[in-house]
Amino acid sequence: MMRRLYNFAGGVRLKEHKRESTSSPVGRTQLPQKIILPLHQHIGVPAKPIVNAGERVLKGQVVAEAGNNISAPIHASTSGTVLAIEDHPIAHPSGLPARCIIIKTDGKDEAAGGYGAPCDTSALTQEQLNAAIKQAGIVGLGGAGFPTYLKLANEAKKITTLILNGVECEPYITCDQMLMRGHSADIVRGLVIMQRALGIKRAIIAIENNKPKELELMQEAIYEAGTPDMELVQVPTVYPAGGEKQLIQTLTGKEVPSQGLPMDIGIVCHNVGTTYAIYRAIAFNEPLISRYITIAGSVAKAQVLDVLIGTPVSHLIEQCGGNRKTLSRVIMGGPMMGFALHDDEAPVVKTTNCILVNSVISDVPLPSRSNFSLPCIRCGACADACPVGLLPQQLYWYARARDFDKVQDYNLFDCIECGCCDYVCPSQIPLVQYYRYAKTAIWQQENEKTLSDISRQRHEFHKFRQEREKQERELRHKQKRQAVDGASTQDNKKAAIQAAMERVRRKREHSDVTPKNIDNLTEQQQKLIEEADARRKKKLEELKPEKITINTSGRESE
Amino acid sequence: MKLNTPASPHVHGDTTVRKMMLRVLLALIPAIIAYSWFFGWGLLINATIAVVTALGCEYLMLKLRERPVNFFLTDGSVVVTAVLLAFCIPPLAPWWLTVLGAAFAVIVAKHLYGGLGYNPFNPAMAGYVVLLISFPRDMSIWLPPFILSELDFSLPATLNAVFLGVFPTGYTLDALSAATPLDLIKTQLSIDVTIAETKSAHAIFGDFGGIGWEWIGNWIFLGGVWLIYKKVISWHIPAAVLGSLFTVALIFYLKDADHYASPMFHVFSGAAMLGAFFIATDPVSAATTPMGRIVYGIGIGILTYVIRVWGGYPDGIGFAVLLMNLAAPTIDYYTQPRVYGHKRS
Ligand code: SF4
Ligand code: SF4
């Protein structure tokens, strides 16, 4: 607890609104009639369905397998019959439907074989752990949805520090807090598994200083587990302290290089929810089929629920005593970075941490931005609040002018869309909306026709792949060097050469087999392209500045 | 039921432009009271004339430019401009002078450049400087503080003077007026009277600056500090303006105290305090990066001193602010903060 902290510049202090949902214990959801499982709940390629309509599925059974190496399988959250595999409204800012496996629940909650069977975790090797985490469909539950096993691979030994993020800095969201309250020991056990998977010792657990109770519980859990390598750190309560980059800076004083990953500076961050999921997956063979979600806002009883993945949002709202008839907006995520749903029939997914309900009677995250904005008065409040050190007023100026070169000169792509600038702006300009528009437009310009889902994910994914390839290259070099060094006898040398030739041959073959271009597309791929295009177009359409407040006249609004 | 889908963030802080401007006006109230205590009703009358004129011009321009009138008229910025301008106009100046200044500030300096947020120059200072250049005589007739005056200027008498140019029987404006301390030192120096001699020969000097002026300066300082505390302005600009003015004055004062006034005198005289906290901090026309604000403030401090001591006008803050307004975009460009994850240079 004596670690020196490096507080980041900027940030804002927000009303927490956490008490509402933490005053009662975590509840269970009633079983919904239907479970809707979108195939794309993570960063990477969508999962591939392996069940057919009409088929009976059991709880914990794989219904869609990982699409490729950067993807995650999806499991049935309960038993029932597959109704269809078709487009359904999902939680996505674009509001476009996407492919989902829809299961009619049968109320028996019958589990697949092996589900929930305790397992001796200490016997598993690093590879086995990683494979099991991959199989369990675990992705980052903090919101990003990056397949977790990828962030636990450490062949090149580059990662030296594991940070467990228990900060949860956005108002209203309390699911991680309640998880720490109820399952601190399991989280610590999960952390031990992660340390083993990574093959490292050092772990830092960060918790905001507005959660003294959870801090104490975690402290006890660490003490009881007898794991002295874990360091518990209390960080100041200021938004966005829980942002990955900000947390790393606070804890270590280091900064993730621009356009880089924490891995570049030897750090990997995981969320407490993810850690708990890993524990359940490894110790009890339970794939990721449920998670904690905060339901707050205009509902009779705000609380944290243990929710099956795929439950429609409307079901949760009703269970908490909200009136579906008077809904005005439903936010998935927190009030600062969450997005408003187009349809409350959309299901919760692996990355859903909070449902914030607003009704026409009381608009919950008050006060919200006025519909009118004044011109920027260049007061600089936004720059003072920006945790990244950007000049939001300049970004806004150039984004509005559609000067996309200049806006990149001012480092648009370092913006984390935290919304701090927007929050403090006295002219009430929807700044983040302008940045999103500019980013999307630039992505579109750069990558007119590529096979992928929304551009943001492509960007993230690209960064990751580059990094991974670099690591693998390094590893290969290292192995090769070792092989050559170790080849003292003729035989050894010959073997090494042969192995190298074999590798080359394999590689050539491999690259012949899978030409990754857009000439030979399967029907499914073609469909994906079209979908992605439609989504992109719709998104851009939505973000067009004509549709957002143009404040030279201060008269238009959304 | 159709759901609303606004973009994030879904909450907003409670700062608004109107609130900021209201706070600026609030912060000026103690200084306005002190001013009126020492120099009579003139400021209040000037301020009223300026505010009415400015609001009228704003209304007219918004109509002409087809902007939403109520929305912009109530943002408060034009009132702040008018009040700041009134501070810079002598208390007994004829009414049309104030009207002219306010109209120029709003119509030319603000709206012809694009209105709120787009004006490169501080409108109040633009209005002031135009008056100073066009009507130098009217703009330099200031009153001595009441305690030194033989005549108690009542409200009707002030109104008569401002609107009708009629003064109490037996007095002319020239006989009533007195030079400001800055002005006096300057004219006396030009006829080879040292500062110490000037100070002892004239009763208008107080501890630091002129009697009365010092007190106004104190209240402006307190108002400014409150604004910083309330986060309406940041400390960078006032600190840089006053700090650099003080430092430069100190250097010359130490070299030759007979010909260069003390740093405290400079800080507490003329519009230095007002300029540092209320005028140079006008966000629209100032530099906006933290480092840039400091550079900008230092520029104003030094230029003010240079104009005061070697220039043709007794006070230089108006010119200094306008000159630095010109430099602000360039300063901003070269003082961008380091962005997270970028190399430290
Ligand atoms: S906070 Fe708003 S008004 Fe102030 S500089 Fe930033 S964008 Fe402009
Ligand atoms: S949204 Fe972007 S520009 Fe605004 S404060 Fe956050 S990082 Fe800075």
Side-chain angles (χ1 to χ4, degrees), chain A residues 12 14 95 171 245 249 255-258 260 324-325 327-331 335-344 356 365-369 372 374-381 383-384 387-391 393 410-411 414 417 419 422-424 426-428 430 432-433 436 553-555 558, chain B residues 1-21 62 65-68 71-72 74-75 77 114-120 231-234 236-237 281-290 292-293 328-329 332-333 335-344:
Chain A
V12 288
L14 302 169
K245 292 178 169 184
Q249 183 177 11
E255 291 176 12
V256 180
S258 170
R324 278 186 72 196
K325 295 217 175 64
L327 293 181
S328 64
R329 96 184 120 151
V330 178
I331 299 160
M336 293 299 279
M337 293 182 78
F339 59 92
L341 297 181
H342 286 75
D343 192 333
D344 67 346
L356 199 46
L366 277 174
S368 61
R369 202 194 303 119
F372 292 102
L374 281 167
C376 167
I377 57 165
R378 305 180 54 74
C379 64
D384 294 340
V388 181
L390 297 167
L391 293 174
Q393 70 273 48
Y410 279 94
N411 301 308
D414 286 299
E417 296 181 20
D422 203 310
Y423 182 85
V424 298
S427 288
Q428 317 233 351
V432 178
Q433 206 173 339
R436 256 186 232 128
S553 66
R555 144 181 64 177
E558 294 161 47
Chain B
M1 172 120 211
K2 177 110 176 59
L3 295 176
N4 293 329
T5 54
S8 70
H10 304 277
V11 269
H12 194 278
D14 58 358
T15 46
T16 58
V17 172
R18 189 186 305 173
K19 218 176 200 169
M20 282 173 74
M21 296 296 168
L62 289 171
R65 296 178 59 218
E66 300 182 357
R67 296 295 143 105
F71 183 57
F72 276 101
T74 52
D75 68 25
S77 62
L116 179 70
Y118 295 89
N119 45 303
K231 295 207 170 133
V232 175
I233 59 174
S234 75
H236 304 77
I237 292 177
T281 52
D282 163 38
V284 177
S285 54
T288 73
T289 66
R293 284 173 181 156
D332 275 345
Y333 185 80
T335 53
Q336 293 176 38
R338 189 184 67 85
V339 173
Y340 179 104
H342 286 251
K343 292 222 164 53
R344 284 163 224 268

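Treat the numbers as computed from the prediction; the structure is a model and nothing was measured. All values below come from the heavy atoms of this structure, side chains included, with hydrogens, waters and symmetry mates left out.
The backbone N or O of A/Gly380 sits nowhere less than 3.5 Å from a side-chain atom of B/Thr288 that would complete a donor-acceptor pair. Between the side chain of B/Tyr340 and the backbone N or O of A/Lys245, at least one donor-acceptor pair lies under 3.5 Å.
Here A/Ile331 contributes atom CD1 and B/Leu3 contributes atom CG; the two are 10.5 Å apart, rounded to the nearest 0.5 Å.
Residue contact with chain B, scored on non-hydrogen atoms closer than 4.5 Å, involves the side chain of A/Asn411 exclusively. Looking at B/Arg293, only its side chain comes within 4.5 Å of chain A, counting heavy atoms on both sides. When heavy atoms are compared at a cutoff of 4.5 Å, A/Asp384 approaches chain B solely by way of its side chain, counted from C-beta outward. There is no contact between B/Asp282 and chain A, counting heavy-atom distances below 4.5 Å. Looking at A/Met336, the atoms closer than 4.5 Å to chain B (heavy atoms on both sides) sit in the backbone and in the side chain alike.
Proximity of B/Asp332 to A/Arg378: side-chain heavy atoms (C-beta onward) are separated by under 4.5 Å at one or more points. Annotation: side chain of A/Asp414 is in contact with side chain of B/His342 (closest heavy-atom distance under 4.5 Å).
Closest heavy-atom contact between B/Pro6 and A/Arg329: CG-NH1, 3.4 Å. Here the closest heavy-atom approach between residue B/Met20 and residue A/Cys379 is recorded as CE-CB, 4.2 Å. Between A/Leu391 and B/Gln336, the shortest heavy-atom contact is CD1-CG, 3.9 Å. B/Ser8 and A/Gly338 make their closest contact through CB-O, 3.1 Å (heavy atoms, listed as atom of the first residue, atom of the second, distance). Among all heavy-atom pairs drawn from A/Gly389 and B/Val339, the shortest one is O-CG2, 3.7 Å.
Listed options B/Ala287, B/Gly117, B/Ser234 were ranked by heavy-atom pairs under 4.5 angstrom with chain A; first place goes to B/Gly117.
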